[in-house]
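Structure, as structure tokens:
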2 protein chains.
Amino acid sequence: MPLPSDEKSIVHVVDDDPSMREALQGLFLSIGLETRTYATAQDFLDTPVPDSPGCLIIDIRLPDMNGLDFQAQLSRTGVHLPVVMMTGYGDIPMSVRAMKRGAVDFLPKPFKDQDMLDAVFAAIERGRQQRAVDGDVSKVRERFETLSAREKQVMLLVTEGKMNKQVAGDLGISEITAKIHRGAAMRKMGARTLADLVRLADVINPRRRP
Amino acid sequence: MPLPSDEKSIVHVVDDDPSMREALQGLFLSIGLETRTYATAQDFLDTPVPDSPGCLIIDIRLPDMNGLDFQAQLSRTGVHLPVVMMTGYGDIPMSVRAMKRGAVDFLPKPFKDQDMLDAVFAAIERGRQQRAVDGDVSKVRERFETLSAREKQVMLLVTEGKMNKQVAGDLGISEITAKIHRGAAMRKMGARTLADLVRLADVINPRRRP
DNA sequence: ATCCAACTCATACTTTGATATGAGCATGCC
DNA sequence: GGCATGCTCATATCAAAGTATGAGTTGGAT
């Protein structure tokens, strides 16, 4: 497992205009941000994206695909990079649609370098936080997967607030066995106390409303 | 305490153009939505807003205040109605700024009636859900406030995962006393089990990260 | 002065939790 | 066959939780 901490952020630029690609690449490189450019949406989708932090700069108008559709497709494809949209001919409804779909920013061309940099910084920061959360959730899930089927059942019932006796009754096993599974679940989940286990369970099984 | 369930939603329209106010009022009334209109931001701020669900339609350009500043001021004033922005002369950066600040939608004038209705429905729905969450949180907080100072301390320590013995040590009291406060906290919070209490505590004291 | 709520503690008892030790049985893998 | 894993259960022990009863102190409000 690679160290996720001090990874370099990568800025991905998707624009069919070569001069814009070069300009942005120069801008980002000037502040030490690794940059990769793509001429089309398909170009980006065909290129394996390393699982590293960063963001995605998309021109709304692409040769092969609408920028908004592209944005929508990314989530489905499993790419969760924060998106900064830019366009030379967009209108307000288009920008609103992009923002509704979660874009970090929407810049009309031409834009000031500083505006783009601000947008990229905001995007990278948003991604960084999202990655931190996702990472925590993943770790908990991984641990949960190391539990046996019974241990999972017992853990979920216990964190519902049921006593060992009730858990045993629900599962049709003896209280002693339930205790053993409970102990194993605590150990495997790294939960020192029941309160910890409850919070871990809520990461896996989020409660809708209190 | 009033019943919060089936309250009527109220649409608040802030626009200095009388014909627009009338048109929108007519549109909303035609589908049975109670509507109130205001000519200026100050007019709205001076009028007591009942704590009922609904939304706020704001023209960006108001005589006394910029719509964006108005939007920003609302949160500070304690008004948390979802906002739909509209404008006759806005540009993309303005719409993006509004969306970043949490606007539900941003409609350029002229707009189709149906677009406005869609926006209002979305806004009301968002507000409804937010109100539900806020209501739940408030209820928990209210209950928590019925606890005595000691009971609060004990509850927080217990939900950190500490045993009664540790709680007693931390607070410099006997374990028996800690148990009494613990029991009182459980009863007053309506927590049947420790798992319940942990989740209630997390509503009051949200954990940053697992 | 009186009253009340909060806080404190003790004793006693019951229930539950946590853990260790030992063991039987089924499944699947090498 | 041998072996590991998971699931099951019993007995036993100790720690902790939960509850009930009774009682003393303090500080603030009436």
Side-chain angles (χ1 to χ4, degrees), chain A residues 1 139-205 207 210, chain B residues 1 139-205 207 210:
Chain A
M1 192 165 20
K139 280 181 190 169
V140 174
R141 280 195 206 285
E142 283 171 19
R143 281 188 190 169
F144 187 68
E145 286 312 315
T146 68
L147 303 197
S148 71
R150 266 295 196 240
E151 287 161 355
K152 290 180 186 176
Q153 292 173 328
V154 170
M155 170 173 163
L156 294 180
L157 290 175
V158 165
T159 52
E160 289 288 344
K162 302 203 173 181
M163 293 181 303
N164 290 333
K165 189 182 296 186
Q166 294 175 281
V167 173
D170 287 4
L171 297 180
I173 59 180
S174 83
E175 183 180 347
I176 299 157
T177 306
K179 286 184 183 181
I180 293 176
H181 290 315
R182 177 183 185 143
M186 295 276 292
R187 189 169 27 78
K188 292 185 181 178
M189 292 301 293
R192 204 178 49 78
T193 67
L194 177 58
D196 293 339
L197 196 68
V198 169
R199 295 193 172 97
L200 291 172
D202 282 355
V203 172
I204 296 164
N205 251 12
R207 292 278 167 293
Chain B
M1 189 165 24
K139 281 181 189 168
V140 174
R141 281 195 206 285
E142 282 171 21
R143 281 188 191 170
F144 187 68
E145 287 312 315
T146 68
L147 302 197
S148 71
R150 266 294 196 244
E151 287 161 356
K152 289 180 187 175
Q153 292 174 328
V154 170
M155 170 173 163
L156 294 179
L157 291 175
V158 165
T159 52
E160 290 288 342
K162 302 202 175 182
M163 294 180 302
N164 290 333
K165 188 181 296 185
Q166 295 174 280
V167 173
D170 287 4
L171 297 180
I173 60 179
S174 83
E175 184 180 346
I176 298 158
T177 305
K179 287 186 185 180
I180 293 175
H181 291 314
R182 178 183 185 142
M186 294 276 291
R187 187 168 31 76
K188 291 185 181 178
M189 292 302 293
R192 205 179 47 79
T193 67
L194 177 58
D196 293 339
L197 196 68
V198 170
R199 294 193 172 98
L200 292 172
D202 282 356
V203 172
I204 296 163
N205 251 10
R207 291 276 167 295

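In what follows, chains are A, B, ... by sequence order, proteins preceding strands, each numbered from 1.
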Looking for any heavy atom pair under 4.0 Å, which part of the strands does [X] touch: base, sugar-phosphate only, or nothing?
| X | value |
| --- | --- |
| B:Leu194 | nothing |
| A:Ile176 | base |
| B:Ser174 | sugar-phosphate |

From [X] [atom1] over to [Y] [atom2], what is the distance, rounded to the nearest 0.5 angstrom?
| X | Y | atom1 | atom2 | value |
| --- | --- | --- | --- | --- |
| B:Arg187 | B:Leu147 | CZ | CG | 10.0 Å |
| A:Lys162 | A:Leu171 | NZ | CG | 8.5 Å |
| A:His181 | A:Leu157 | NE2 | CG | 12.0 Å |
| A:Leu194 | B:Leu194 | CG | CG | 5.0 Å |
| B:Ser148 | B:Gln153 | OG | CD | 8.5 Å |
| A:Arg192 | A:Met186 | CZ | CE | 9.0 Å |

Practice task
Answer whether the closest heavy-atom distance between the side chains of B:Ile173 and B:Arg150 falls below 4.5 Å.
Solution key: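 Yes, at least one pair of side-chain atoms sits under 4.5 Å.
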Practice task
Walk me through it: do B:Glu175 and B:Arg182 pass the test salt bridge (charged side-chain N to carboxylate O under 4.0 Å, His left out)?
Solution key: CA-CA 10 Å; B:Glu175 184 180 346; B:Arg182 178 183 185 142; over 6 Å; no
Handout entry: Short side-chain N/O contact to C:dA6 OP1/OP2 from B:His181, under 4.0 Å
Key = no
Rounding to an integer number of Å, can you tell me how far [X] [atom1] sits from [N] [atom2]?
| X | N | atom1 | atom2 | answer |
| --- | --- | --- | --- | --- |
| B:Met186 | D:dA17 | CE | P | 12 Å |
| B:Gln166 | D:dA15 | CD | P | 15 Å |
| B:Ile173 | C:dC7 | CD1 | P | 10 Å |
| B:Ile180 | C:dT11 | CD1 | P | 13 Å |

Review item, nucleotides 14-17 of chain C N/O atoms under 3.5 Å of protein N/O:
{"unit_1": "C:dT16", "atom_1": "OP2", "unit_2": "A:Lys165", "atom_2": "NZ", "d": "2.7"}
{"unit_1": "C:dG17", "atom_1": "OP2", "unit_2": "A:Asn164", "atom_2": "N", "d": "3.2"}
{"unit_1": "C:dG17", "atom_1": "OP2", "unit_2": "A:Asn164", "atom_2": "ND2", "d": "3.2"}
{"unit_1": "C:dG17", "atom_1": "N7", "unit_2": "A:Lys179", "atom_2": "NZ", "d": "3.2"}

Handout entry: Minimum heavy-atom distance A:Ala191-A:Leu200, with the two atoms named
Key =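 For A:Ala191 and A:Leu200, the tightest heavy-atom pair comes out as CB-CD1, 4.1 Å.
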Problem - Sub-4.0 Å heavy-atom contacts from residues 144-157 of chain A onto DNA chain D, ordered by number - result: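 Nucleic-acid contacts, sorted: A:Ser148, A:Ala149, A:Arg150.
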